[in-house]
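Numbering of ligands and ligand atoms starts at 1, following listing order. All residue numbers in this chain count up from 1 along the given sequence.
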Amino acid sequence: MAADADQPAVALDPGGPLPLLGLGTWQMTGGRCQAAVRHALEVGYRHLDTATMYRNERDVGRAIRDSGVPREQVFVTTKLPPGDAGRERRTLDNSLRALGMDYLDLWLVHWPPPARLLVSTWKELLAARDQGLVRAVGVSNYSTAQLDELTAATGEAPQVNQIPWAPALYDAAVADAHRQRGVALEGYSPFKNTDLGHPVLAEIAAHHRVTPAQVVLRWHLDHQVVVIPKSATPERITANFDVFGFSLTDEELARIDGLSIS
Ligand SMILES: NC(=O)c1ccc[n+]([C@@H]2O[C@H](COP(=O)([O-])OP(=O)(O)OC[C@H]3O[C@@H](n4cnc5c(N)ncnc54)[C@H](OP(=O)(O)O)[C@@H]3O)[C@@H](O)[C@H]2O)c1
């Protein structure tokens, strides 16, 4: 449950600290995925993001065991495919078996299921949490209205909403809506939606003697937004974690907010 105390994290209650920086694992399977996760753990990552749909839970679990890092020091997220609404518990059992774990740190609904199943699926996640199989529960790709529908029906808001987020996607109203509801905003695809050659990123990067990619990650951290960059390249995995030695000024943050894609 506990992440490395030195890393910035969002306090989930219930649940443990969710490190603001994690490794995304989409589009990596087999030995490539295992090597990337092992390397990430070696350089200090303590947060891994997988999903049933990524077909790599087995690789992620094996890499954690092979790394020698104790299970309780790694924050592990996986996600329920919306097509598995109605058989949530079976899917969770399969995820735990594939990961080789007896609990998850965070279980998300990957995409909203059909409207008639929205609340029943959420209730199943809450039940799994109450049974101790998962420490925290949330959703992904949900609108504010869908978050509110779950809260109205159960009295419990999702603890996390994982959505696309990047400078070009920045939306202060969306960030505020999450903050007001106590829902942690977790961003995905930080690079795919960014022009890393943008002159504003280049200028700020040069000023801090870092790369534009590191500026993008630091921008998330300074906004208290969780970010989960994916890389299969050891040098990039290392560099993406090397973002704790500098921070952006309010003026720099404002220049990056809403940066155009090209
Ligand atoms: N909930 C959802 O619906 C959802 C959807 C999409 C993603 N996600 C999660 O979010 C994670 C991240 O998103 P993503 O995988 O879509 O995209 P991303 O992290 O924005 O981008 C990954 C791409 O960027 C490259 N890259 C990594 N570090 C780099 C660097 N320092 N400089 C330049 N390029 C770099 C990677 O290349 P190499 O691998 O070749 O190094 C890869 O091609 C996913 O892995 C997944 O865990 C969730």
Side-chain angles (χ1 to χ4, degrees), residues 18-40 43 45 47-57 59-60 63 74-84 95 99 104-113 121 125 137-143 146-147 158-170 178 183-198 201-202 205 208 210-221 225-243 259 261:
L18 163 58
L20 284 182
L21 181 59
L23 181 76
T25 67
W26 184 32
Q27 295 171 318
M28 293 195 286
T29 55
R32 217 160 142 261
C33 177
Q34 291 176 32
V37 170
R38 268 202 319 274
H39 184 72
V43 301
Y45 289 72
H47 168 192
L48 304 169
D49 182 81
T50 179
T52 296
M53 285 165 83
Y54 301 168
R55 300 182 176 281
N56 62 10
E57 290 169 317
D59 300 310
V60 170
V74 187
F75 190 102
V76 179
T77 300
T78 193
K79 313 185 192 85
L80 173 83
D84 282 358
S95 285
L99 284 159
L104 297 175
D105 294 281
L106 178 62
W107 196 30
L108 304 177
V109 186
H110 205 146
W111 288 85
T121 303
L125 266 74
V137 283
V139 295
S140 180
N141 300 300
Y142 277 49
S143 66
Q146 288 169 324
L147 297 176
Q159 293 173 267
V160 172
N161 190 18
Q162 187 182 113
I163 57 176
W165 202 252
L169 304 178
Y170 178 74
H178 283 76
V183 179
L185 174 49
E186 179 167 350
Y188 71 70
S189 302
F191 300 139
K192 281 183 183 164
N193 291 306
T194 301
D195 170 13
L196 290 175
H198 196 291
L201 293 178
H208 290 282
V210 298
T211 65
Q214 289 171 320
V215 169
V216 169
L217 298 175
R218 189 67 227 184
W219 172 83
H220 286 76
L221 303 186
V225 171
V226 182
V227 62
I228 45 174
K230 171 265 175 185
S231 179
T233 314
E235 298 75 26
R236 286 175 169 173
I237 294 170
T238 303
N240 291 346
F241 194 72
D242 188 14
V243 292
L259 208 67
I261 287 183

Legend entry - Geometric N/O contact A213 with ligand 1, under 3.5 angstrom: no
Inset, instruction - Run the contact test for P190 against ligand 1 with a 4.0 Å cut-off on heavy atoms, strictly below, and give the result. - result: yes
Legend entry - Which of the ligand 1 atoms, numbered from 1, are nearer than 4.0 Å to a heavy atom of H110: 1 (N), 2 (C), 3 (O)
Legend entry - Side-chain donor/acceptor of T233 to backbone N/O of R236, under 3.5 Å: no
Inset, instruction - Closest by any non-hydrogen atom to atom 14 (P) of ligand 1: pick that one out of S189, G24, G187. - result: S189
Inset, instruction - Within a distance under 4.0 Å of any heavy atom of W111, pick out the atoms of ligand 1 and give their elements. - result: 3 (O)
Legend entry - Option whose closest heavy atom lies nearest to atom 27 (C) of ligand 1, chosen from R32, K230, Q162: K230
Inset, instruction - Indicate yes or no: does an N/O atom of S140 lie under 3.5 Å from an N/O atom of ligand 1? - result: yes
Inset, instruction - Would you indicate whether the side-chain heavy atoms of T50 and T77 approach each other to under 4.5 Å? - result: no
Legend entry - Side-chain heavy-atom pair V216, P167 within 4.5 angstrom cut-off: yes
Inset, instruction - Please step through side chain to side chain contact (heavy atoms under 4.5 Å, CB included) for the pair T78 and E57, ending with a clear verdict. - result: CA-CA 8 Å; T78 193; E57 290 169 317; 2.6 Å; yes
Inset, instruction - Taking only heavy atoms of A232 into account, list the atoms of ligand 1 that are under 4.0 Å away from them. - result: 38 (P), 39 (O), 41 (O)
Legend entry - Top protein contact for atom 47 (O) of ligand 1, by heavy-atom distance: D49 OD2, 2.6 Å
Legend entry - Nearest option to atom 28 (N) of ligand 1, as decided by whichever heavy atom of N240, L23, D242 sits closest: N240
Inset, instruction - Have a look at ligand 1 and work out which part of L108, if any, has a heavy atom under 4.0 Å from it: side chain, backbone, both or neither. - result: neither
Legend entry - Protein heavy-atom partner closest to atom 44 (C) of ligand 1 - residue, atom, separation in Å: W26 CB, 3.6 Å
Legend entry - For atom 12 (C) of ligand 1, the protein heavy atom that lies nearest, with its residue and separation: I228 O, 3.1 Å
Inset, instruction - List every atom of ligand 1 that sits less than 4.0 Å from any heavy atom of T233, numbering the atoms from 1 in the order shown and giving each element. - result: 38 (P), 40 (O), 41 (O)
Legend entry - Check: L185 main-chain N/O paired with H178 side-chain donor or acceptor under 3.5 Å: no
Inset, instruction - Look only at the side chain of S143 and the backbone of Q146, and say whether a donor-acceptor pair between them is shorter than 3.5 Å. - result: yes
Inset, instruction - Select one of side chain, backbone, both or neither to describe which atoms of N141 lie under 4.0 Å from any atom of ligand 1, heavy atoms only. - result: side chain
Inset, instruction - May I ask you to check whether Y170 and W219 place their ring centres under 6.0 Å from each other? - result: yes
Legend entry - Option whose closest heavy atom lies nearest to atom 20 (O) of ligand 1, chosen from Y54, Y188, F191: F191
Legend entry - Q214 side-chain N/O to A205 backbone N/O, donor-acceptor pair under 3.5 Å: no
Inset, instruction - Number the atoms of ligand 1 from 1 as they appear, then name those within less than 4.0 Å of a heavy atom of T25, with their elements. - result: 45 (O), 47 (O)
Inset, instruction - Please report the shortest heavy-atom distance between L221 and L20, naming the atom on each side. - result: CD2-CB, 3.6 Å
Inset, instruction - Starting from the C-alpha separation in whole Å, work towards a yes-or-no answer on side chain to side chain contact (heavy atoms under 4.5 Å, CB included) for W107 and V160. - result: CA-CA 9 Å; W107 196 30; V160 172; over 6 Å; no
Legend entry - Shortest protein contact, atom 34 (N) of ligand 1 (heavy atom only): R236 CZ, 3.4 Å
Inset, instruction - Compute whether any side-chain donor of one residue and acceptor of the other, for N56 and T25, lie under 3.5 angstrom apart. - result: yes
Legend entry - N or O contact, Q27 vs ligand 1, cut-off under 3.5 Å: no
Legend entry - Those atoms of ligand 1 less than 4.0 Å from some heavy atom in P229: 19 (O)
Legend entry - R32 bridged to D59 by N-O distance under 4.0 Å: no
Inset, instruction - May I ask you to check if ligand 1 and L196 share an N or O to N or O distance below 3.5 Å? - result: no
Inset, instruction - Answer with yes or no after comparing the ring centroid distance for H110 and Y54 against a 6.0 Å cut-off, counting only values under it. - result: yes
Inset, instruction - Answer yes if a protein heavy atom lies under 4.0 Å from atom 17 (O) of ligand 1, otherwise answer no. - result: yes
Legend entry - Proximity of K192 to ligand 1 by residue part, where a heavy atom lies under 4.0 Å: both
Inset, instruction - May I ask you to decide if A63's main-chain N or O and Q34's side chain share a donor-acceptor pair within less than 3.5 Å? - result: no
